[in-house]
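Inspection log for the structure reproduced underneath, given as structure tokens.
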Amino acid sequence: MKIVLLGKNGQVGWELQRALAPLGEVVALDRRDAGGDVGDLAALRLRLQQEQAQVIVNATAWTAVDAAEQQAEAARRINAEAVGVMAEVAQASGALLVHYSTDYVFDGSGSAPWVEDAPIAPLSVYGQTKAEGEALIRASGCQHLILRTSWVYAARGGNFAKTMLRLARERDQLRVIADQFGAPTGAELLADVAAQIIPATRARPELAGTYHLAAAGEVSWHGYAQHVLAFAQPLLQARGEALKVQPEAVEAIPTTAYPTPAQRPLNSRLDCSKLQAAFGLRLPPWQHGVQRMLTEALG
């Protein structure tokens, strides 16, 4: 099996390089490679046509949510137009297209986890462009796996947990939003699941479609921060370091107290039962991945 991976050096792409390697030949591209800059649609199309891969995995995205409000066309080119090119090539060649999407396609209302066929109503340019990318994939008729996820983090580079640890060591007070709920989901989990479901979908094309993929459970950003600090505290103490802000001292604030250019959904819960039933998977609690990442970072 030949796989073209786009966005090899992003959070998810970096983990996909490892996870996809046992499946066959992986041609991993980023913006410095010919055709790897997905903003150049002509070069992207040419490279994909030349590779003639059986699977195209798109780990690229415009993820600067607030910046997208002022740079809508740039976000649309990456999140929608480039995805449309990938879908066209996949349809013409018979390839499977694997694409990551987001809970931001929903409006974040209510408290029930979102199912795959719930009405989409994005609140932001980012969410709208991601929804447009999904629509282009479906309209192309290509075989696809659209994997919607939420609150993605990775051990490589910065993330929310590392930021909370830094701030709790530097500041005397920490205020974190408490009315947005979701499941922190590791890039490692996203990559490992993709490696499981790609061969299954190629063997059984009827499994293709849209799925929700996130770690199990739910938490607010405030609860997430408290968990991070509580778990990290003994690890820091073993290194002779201390937190200036204790977990129980993290102040809970509403979204309205922290305005941003792009509106965030309050309810980012995703119902992942369809994925688990279709592929016989069990998704781990969100705490497992976060704790493993913290142990690696602080151990």
Side-chain angles (χ1 to χ4, degrees), residues 7-19 30 59-68 100 102-104 126 149-193 213-253 255 257-258 260 262 264-265 268 283-299:
K8 69 178 182 181
N9 286 321
Q11 287 188 320
V12 178
W14 184 257
E15 293 293 344
L16 280 165
Q17 289 190 71
R18 168 193 55 79
D30 70 4
T60 69
W62 177 291
T63 56
V65 176
D66 290 326
Y100 290 94
T102 174
D103 65 282
Y104 276 60
Y126 168 70
T149 190
S150 68
W151 293 22
V152 178
Y153 68 88
R156 184 172 181 257
N159 60 46
F160 174 82
K162 291 180 181 179
T163 298
M164 291 301 101
L165 283 175
R166 177 176 58 80
L167 295 178
R169 282 180 279 186
E170 295 174 354
R171 299 184 179 180
D172 297 319
Q173 183 185 42
L174 197 54
R175 305 167 74 235
V176 183
I177 291 171
D179 58 355
Q180 295 177 22
F181 289 84
T185 302
E188 184 176 22
L189 176 62
L190 296 178
D192 287 343
V193 169
L213 167 54
E218 64 180 64
V219 70
S220 68
W221 290 110
H222 176 261
Y224 184 8
Q226 287 187 310
H227 180 82
V228 166
L229 300 188
F231 183 82
Q233 195 162 35
L235 299 177
L236 289 171
Q237 289 174 344
R239 293 167 41 161
E241 301 179 41
L243 296 173
K244 296 178 71 174
V245 179
Q246 297 302 302
E248 63 276 9
V250 179
E251 182 182 349
I253 62 171
T255 297
Y258 190 74
T260 55
R264 266 69 171 171
S268 293
L283 296 170
W286 64 266
Q287 295 93 331
H288 287 192
V290 171
Q291 290 172 2
R292 178 177 176 177
M293 179 269 295
L294 291 171
T295 301
E296 291 177 356
L298 299 174

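None of these values were measured; they are calculated from a predicted model. Residues take their numbers from the sequence shown, with the count starting at 1.
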Side chain Lys244, main chain Arg171, donor-acceptor under 3.5 Å: no
Closest contact, heavy atoms only, Tyr153 versus Pro184: CE2-C, 3.7 Å
Determine yes or no for a side-chain-to-main-chain donor-acceptor pair under 3.5 angstrom, with Gln17 supplying the side chain and Lys8 the backbone. yes
With a 4.5 Å limit on heavy-atom distance, are the side chains of Thr255 and Gln180 in contact? yes
Any side-chain heavy-atom pair of Val176 and Tyr258 under 4.5 Å: no
At their closest point, which heavy atom of Ala161 faces which heavy atom of Tyr224, and how far apart are they? CB-OH, 4.2 Å
Heavy-atom closest contact (Phe160 atom, Ala225 atom, distance): CE2-N, 3.9 Å
Give, for atom OH of Tyr104 and atom OG of Ser268, the distance between the pair rounded to the nearest 0.5 Å. 6.0 Å
Is there a donor-acceptor contact under 3.5 Å from the side chain of Arg239 to the main chain of Leu298? yes
Run the side chain to side chain contact (heavy atoms under 4.5 Å, CB included) check on Arg169 and Leu236 step by step: do they pass? CA-CA 10 Å; Arg169 282 180 279 186; Leu236 289 171; 3.6 Å; yes
Could you check whether atom CZ of Arg292 has more than 12 heavy atoms from other residues, nucleotides or ligands sitting under 6.0 Å from it? no
Do Thr63 and Gln11 make a side-chain contact, defined as non-hydrogen atoms from C-beta onward lying under 4.5 Å apart? no
Minimum side-chain heavy-atom gap Val152-Tyr100 below 4.5 Å: no
Report the C-alpha distance between Tyr126 and Thr102 in whole Å, list the side-chain angles of each, state the deciding distance to 0.1 Å, and finish with yes or no for side chain to side chain contact (heavy atoms under 4.5 Å, CB included). CA-CA 9 Å; Tyr126 168 70; Thr102 174; 3.7 Å; yes
ring-ring contact (aromatic ring centres under 6.0 Å, His included) partner of Trp151, the single match among Trp286, Phe181, Trp221: Trp221
More than 12 heavy atoms of other residues, nucleotides or ligands under 6.0 Å from CZ of Arg18: is that the case? yes
Is there a donor-acceptor contact under 3.5 Å from the side chain of His222 to the main chain of Ile253? no
Any side-chain heavy atom of Leu294 within less than 4.5 Å of one from Leu165? yes
Mind checking the OG1-CG spacing from Thr295 to Leu235? Nearest 0.5 Å is all I need. 5.5 Å
What pair of heavy atoms forms the shortest contact from Asp66 to Arg264, and how long is it? OD1-NH1, 2.5 Å
How far does CG of Asp103 sit from OG1 of Thr185, to the nearest 0.5 angstrom? 9.0 Å
Are any non-hydrogen side-chain atoms of Thr149 and Leu189 less than 4.5 angstrom apart? no
A side-chain contact here means heavy atoms from C-beta on lying under 4.5 Å apart; do Arg166 and Lys162 qualify? no
Measure the CG-CG distance between Asp172 and Leu167 for me, rounded to the nearest 0.5 Å. 12.0 Å
Non-hydrogen atoms of Ala183 and Gly217 that approach each other most closely: CB-O, 3.4 Å
Minimum heavy-atom distance between Gln233 and Pro247, given as atom pair plus value: OE1-CD, 4.1 Å
Residue pair Leu283 / Val193, side-chain heavy-atom distance below 4.5 Å: yes
